[in-house]
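Fair warning: this is a prediction, and the values are worked out from it, not measured in the lab. All values below come from the heavy atoms of this structure, side chains included, with hydrogens, waters and symmetry mates left out. Sequence positions, counted from 1, serve as the residue numbers for this chain.
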Amino acid sequence: MLALIDHVDYQYGNLHDFAGIAKVAHESDVPVLYNGAYTVGTMPVDGKALGADFVVGSGHKSMASPAPSGVLAVTAERAKEVFRTTQIEGDVTKRRFGVKEPEMMGCTLMGANACRDDGLVPARKGKGKTLR
């Protein structure tokens with residue numbers, strides 16, 4: 001499960017109590033993603049102080065960058081989980097080939113068929129299969 005929380009309401013500019021919501025989520029061991037699409041680049045954002053496990057920002061919405069661009073920051077505790085790399089082993093030579101394709105939380109850049117919903121959504125009967 002992952003709690004995705006907007007810091008700012010994009011329609012009215014209201015600031016949500018992100019730190020308070022993150023505290024409640026962490027009490028249930030739910031990691032929290034700070035959606036900074038409208039804040040990263042336009043106002044100071046301290047993910048640690050807010051209690052965010054992940055911070056994402058949109059380059060084209062708040063940093064005057066070309067689309068699609070953005071940023072992702074994670075806590076040191078989540079870095080290994082998020083920025084894993086594929087590990088390929090040769091079948092005859094047993095040589096290992098790492099860092100062939102970036103992989104983030106079970107998803108690869110080379111196709112959505114590699115994405116899984118494990119750990120990202122609550123467990124549901126019949127779920128956890130590869131998405132197509």
Sorted by chain and residue number, the ring pair (Phe, Tyr, Trp, His ring centres under 6.0 Å) partners of Y34 (sequence neighbours excluded) come out as H7, F18
Can you get from V55 to V71 by hopping between Ile, Leu, Val, Met, Phe, Trp and Tyr side chains that sit under 4.5 Å apart?
yes
Quick one: does T42's side chain get under 4.5 Å of V40's, heavy atoms only?
no
Is L2 reachable from V74 through a run of I, L, V, M, F, W or Y residues, each pair having side-chain heavy atoms under 4.5 Å apart?
yes
Rounded to the nearest 0.5 Å, how far does NZ of K48 lie from CG of D46?
8.0 Å
Same apolar cluster: V45 and I21, side chain cutoff 4.5 Å:
yes
So do the side chains of D53 and E77 get within less than 4.5 Å of each other, counting heavy atoms only?
no
Report the residues that fulfil side chain to side chain contact (heavy atoms under 4.5 Å, CB included) with D29, sequence neighbours left out, ordered by chain and then residue number.
none
Value rounded to 0.5 Å, distance of CG in L4 from CG in L33:
4.5 Å
N/O donor-acceptor pair under 3.5 Å between D6 side chain and V8 backbone:
no
On a heavy-atom basis, which atom in R78 and which in P31 lie closest, and how many Å separate them?
NH2-CB, 3.3 Å
H16: what forms a side-chain hydrogen bond (donor to acceptor under 3.5 Å, both in side chains) with it, not counting sequence neighbours?
none
Hey, does V32 have a side-chain heavy atom less than 4.5 Å from the side chain of I5?
yes
Inter-residue atom distance M43.CE - L15.CG, 0.5 Å rounding:
5.0 Å
Closest approach of A22 and G51, non-hydrogen atoms and distance?
CB-O, 3.8 Å
